[in-house]
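Below, all heavy atoms of this structure are taken into account, side chains as well, without hydrogens, waters or symmetry copies. Fair warning: this is a prediction, and the values are worked out from it, not measured in the lab. Numbers here are sequence positions counted from 1.
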Amino acid sequence: MKAEVTLGVAGAVIALVAALIAYLQLRRTPARDRPSPAVTRLVLGDLPREPLSAVRRGPLLARIDDAFDDGGFCVLLGGRGAGKTHLAAAYARAAAADGRSTVVWVTADDPANIVRAYAELARRAGQADAVVDAEAAARTGMAWLDTVERPVVVFDNATDPDALNRWLPARARVLVTSTVQAFEILGGTVAVGGFDEDEAVGFLCARSGREPDEAATGVVRELGGLPLALAQAGGVIRRQRLTFATYLERLPHAPLNALLERVPGEGYPARVEDTALESLRAVTARDGRARAIAEFVALLAPRGVRRELAHRLGPDPVAVDAALGALTGASIAGFDVSGEIVTMHRLTQRAVLSRLHAEERLAATLDQAFDALEQETGGSDESDGSAPDDLAEHVGAVWRTFRALPSVELTPRLERILRLRRWSVGHLAAAGALAEARVLGQEVLADHDAYLVAGHADVDRAVRSLRLVCVRGERTGEAVALSERLVERRTRWYGEDDVRTLSARNSLGYDHERHGQLDRAIAVHRGNLADVLRVAGPDHQTALHARVNLGSALRSAGELAAAVPVFEENLRENVRVHGPDHPSTVNARGELARTFVRCGRVTEGIALHEENAARTDAPWWGQYRAAAYQAAGRHGDAIGLLRRLRDTAEREQPADSLETVRVRLFLARALLDAGKTREALELFERTAGDRTRLLGPDHTGTLNARRNLGLALARAGKPGPARETLTAVTADYQRVLGPEHPYSRQAGSDLAGLAAPVRHRRARR
């Protein structure tokens, strides 16, 4: 009996255990294997609400639809703060609002969140129980998405393409936001940058509570249209009751974190500066060289940095390219369409520079930039214009940052950066950007005066640099003033008989001539030539310069009989000192040839010009050789040569090159002499207009061009327009230069001569 009781108890226990096991198995069985309530749509996850004053960004939403038309995957790529999350949320909210779509929002910076989200989806859909294994439930949730209508899954701020690839449902529309360019491999991409200007101004005004004005546009441009920055700037402006103008004034100077503060309630956890630096820290952890490259790019101009220039950081271009790839892969930087220019958002640049300041590493980073730029420029003041166009802009960007150094770090580096600045002035001038070069040259000279002691040789170099720009740009009055300053400085520091002073005086006489102050020019050159011969001797280059400049001043004043022997002696001395092929000798030969033609000794002039043509192809002398052919009646030779020179100048020179304008003037004169009146008048009119636009209405070159037009109209049988033109220009000559100036007297003579039979009159250049 006892045994029976024992067996009965045991059986009951076994039955109970079996029942419990069956119950637990039932609990672990996926819900799809047993009846469950039908679920057709869900909205799962922390889908962001629409922000205040949201910008719809319709074109980008349309591009998302286009990407989904081509496949089930779309990734929104862009830097932090570009508005990728809000764009994805706008798309997801629209999908949820249609009443049919299941929408799953996953914060995917941690891959574990994907498993948790899919598992929760399975449970909410009734497909898995609460105690089921999380990964198994996640797989069940992902599979369930393939059974519902129009599912949308958003993976926000995804960081790992490999981790995400495991969790891509087959039928859902998958929208990813990321800064990681590697997600491109998974499917269609939409690049997300800043707002366009109109969107950005509207958003900023709405967030700040202020009406749009010009300063609002300035703020937008300074912030690069970045949505996060605009939201944070708008909050600061609203809270502090600032005007856009005040904010814009502070923006270049105040710390970013003071002007771009996190907006409470926005859901974005960080300020603009912090997001940029966090991205850089993540990349640097994987590629240690990335930080140095990012800091180099941040120092340079916002237009972007050539890959070749970045290679100057060396020593291994492969390692530099790898670091650039890491930076662009994390959307800290980006390549242009050519793949050769690396760009960085200006706020990222400022964040990196701010960190350099805070860590007291700015000076060392600037030294690296100086090294790279000096390699590109050859470490010289001089430029032939052949260097890449971006260098002057990069030097300017480095200078703006350099000035923030404390004096103890600034002073030892000052000469390096000022030399680069002088090089930039010369480079712009050589490249034909004369207006830009003049403005920069004035700034650079002011910087030299401000930072260097009065007698520093680099101040002289800055004066000379600006003077050369003024000479090339026909700013003759400014050139005179700069030469006078240079003579005064050198006389004071070196003495009257120092060759450096005599050379400066030679430049002063040249500038007097160019400015039409011919009596002063002749007096300066005569006295200077005697002083140079006494101090330096006849073989010194300064003596040769002084002699040729004296001859030129005499020729400009119409004293041809006195000019010819000066030029003849100059050619003999150059041949003796330098030989027949030296550039100084070529110049001496050309100047004598020009003077022979002016004197009527045309055959001798042509012979000298043709001898030069065998030694140089310089357009300058080609123009005067054509003028000699013209004087000899060889109109076809003159016009053919000048057309070739014009075509070359228009092809190789900047559009507003004064050299090109000069060639057109020579061609106009040759055409007029050949009887091709219509084409000649068109060129004379164009030249007068170009010089008025480029030099101003009162410049001597402009007045000469207008006089040329008046003479051409007279020769073309248009006495009325000719008289009107010459009357006006004669009055302007007298107003600008005075009635006794040779140019004024000649213009008056031309006007008086209109009543007489029209004769050929020599036109001024």
Does the side chain of Ser380 come under 3.5 Å of the side chain of Glu382 through a donor N or O and an acceptor N or O?
no
Check: His582/Ser584 side-chain N/O donor and acceptor closer than 3.5 Å
no
Distance alone, cut at 3.5 Å: any donor-acceptor contact between the side chains of Arg547 and Asn570?
no
Exam field: side chain Asn528 to backbone Leu502, donor-acceptor pair closer than 3.5 Å
yes
Could you tell me whether the side chains of Ser556 and Glu513 share a donor-acceptor contact shorter than 3.5 Å?
yes
Could you check whether Gln541 and His545, counting side-chain N and O atoms only, form a donor-acceptor pair closer than 3.5 Å?
yes
We want to know whether Asn704 and Asn708 form a side-chain donor-acceptor pair, criterion being a heavy-atom distance below 3.5 angstrom.
no
Parallel under 30°, tilted from 30 to 60°, perpendicular over 60°: which one fits the rings of Tyr743 and Tyr733?
perpendicular
In terms of the angle between their ring planes, are His427 and Trp423 parallel, tilted or perpendicular, with boundaries placed at 30° and 60°?
parallel
Tell me every residue that passes salt bridge (Lys or Arg N to Asp or Glu O under 4.0 Å) with Asp371, counting only those two or more places apart in sequence or in another chain.
Arg416
Are side-chain N/O atoms of His448 and Arg422 paired as donor and acceptor at under 3.5 Å?
yes
Answer with yes or no whether the side chains of Asp458 and Tyr451 bring together a donor and an acceptor at under 3.5 Å.
no
Counting only heavy atoms not in Glu488 (residues, nucleotides, ligands), do more than 12 fall under 6.0 Å from its CD?
yes
His456 and Glu415 side chains, donor-acceptor separation under 3.5 Å:
yes
No-hydrogen, no-angle side-chain donor-acceptor test under 3.5 Å, Ser483 and Arg467
yes
Considering all heavy atoms of both residues, which atom of Leu544 and which atom of Glu573 are nearest to each other, and what is their separation?
CD2-CB, 3.7 Å
